[in-house]
Amino acid sequence: MGNTRLANCRLYGFIDTAYLAGRHPAELARQLIAGGADILQVRAKELSTPQRVELALAVIGVAFPKNLPVIINDDIDAAFESGADGVHLGQEDWAAIPKEQRTDRLANMRIVGRSTHSLEQALQAERDGADYIGVGPVFPTGTKPGVPPVGVELVKEVAARVAVPFFAIGGITLANLDEVRQAGATRVAVVSAILTTPDPAQAAQAFKRKLS
Ligand code: TZP
Ligand code: MG
């Protein structure tokens, strides 16, 4: 699809309710943006759709004036109702939408992302018209426990074979970022390595510097 807003995105930041630790989502969004995040995802596994909409609106209020896209994890209705740019769907989220409804359900999304865990899934997501894909988890991660890591080998394969923009994701830290980049990733999505630090802006900035 070649979504031009994604072309220059390098660092995908998250407002993940599992890591808020009492912080206000809008303030966290501000910090991520200050640190150089290029796109934000609202990830709120335990919230209802109305709660996700409220959270998304708080993030959008900070991100849109800075021209950052905001993506909602899992929840097409929350993305639509909040006016977010789009939605990020896992393999199961995608499979759960009846085939004949996919076009209509996603018609008003400017950006649709998909999680992929194999080359076949990455190629399929590309054929399905995903605007970007996530590739991972590259390394084991507590953010998505119990999911086997795909390793940098898959990053290499996707970099060689897939044209749609991809974000390497899962267990990415400043210590392994070079390995991920050397495998061919120019974009990364980082949750815990930024959100568990006392200064998310500084952490994001450290990632961004290495990515630019
Ligand atoms: N999808 C694949 S791995 C992952 C998601 C949402 C978790 C990424 O979080 P972290 O903390 O950066 O490993
Ligand atoms: Mg999902």
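Whatever order the structure lists them in is the order used to number ligands and atoms, beginning at 1.
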- Option among His88, Gln41, Arg187 that satisfies the side-chain hydrogen bond (donor to acceptor under 3.5 Å, both in side chains) test with Tyr12: Gln41
- Answer yes or no: does an N/O atom from Gly171 fall short of 3.5 Å to an N/O atom of ligand 1? yes
- Taking 4.0 angstrom as the limit, do Arg5 and Asp85 come out as a salt bridge? yes
- Report the name of the N/O/S atom of Asp74 located nearest to the Mg ion (ligand 2). OD1
- Task: Specify which N/O/S atom of Asp93 comes nearest to the Mg ion (ligand 2), by atom name.
- Result: OD2
- Answer yes or no as to whether an N/O/S atom of Glu92 is found below 2.8 Å from the Mg ion (ligand 2). no
Any sub-3.5 Å donor-acceptor pair from [X]'s side-chain atoms to [Y]'s backbone N or O?
X: Arg127; Y: Ala122; value: no
X: Thr197; Y: Ile194; value: yes
X: Ser115; Y: Gly134; value: no

Heavy-atom contacts with [X] under 4.0 Å: which atoms of ligand 1 show up? List them by number with element.
X: Thr141; result: 9 (O), 10 (P), 11 (O), 13 (O)
X: Ser192; result: 10 (P), 11 (O), 12 (O)
X: Pro137; result: 3 (S)

- Output, in order, the C-alpha distance, side-chain angles, deciding distance and verdict of side chain to side chain contact (heavy atoms under 4.5 Å, CB included) for Phe167 and Val188. CA-CA 5 Å; Phe167 292 85; Val188 298; 5.9 Å; no
- Check if Ser115 has a non-hydrogen atom at a distance under 4.0 Å from any atom of ligand 1. no
- May I ask whether Arg43 places a heavy atom under 4.0 Å from ligand 1? yes
- Query: What is the closest protein heavy atom to atom 1 (N) of ligand 1, and at what distance does it sit?
  - Reply: Lys144 CD, 3.4 Å
- Which protein heavy atom lies closest to atom 12 (O) of ligand 1, and at what distance to 0.1 Å? Val191 N, 2.8 Å
- Task: Look at the side-chain heavy atoms of Ile, Leu, Val, Met, Phe, Trp and Tyr, link any pair under 4.5 Å apart, and say whether Ile111 and Ile97 land in one connected group.
- Result: no
- Query: Should we say atom CG of Asn8 is surrounded by more than 12 heavy atoms from elsewhere, each under 6.0 Å from it?
  - Reply: no
- To which of Ile169, Thr143, Thr196 does the heavy atom nearest atom 11 (O) of ligand 1 belong? Thr143
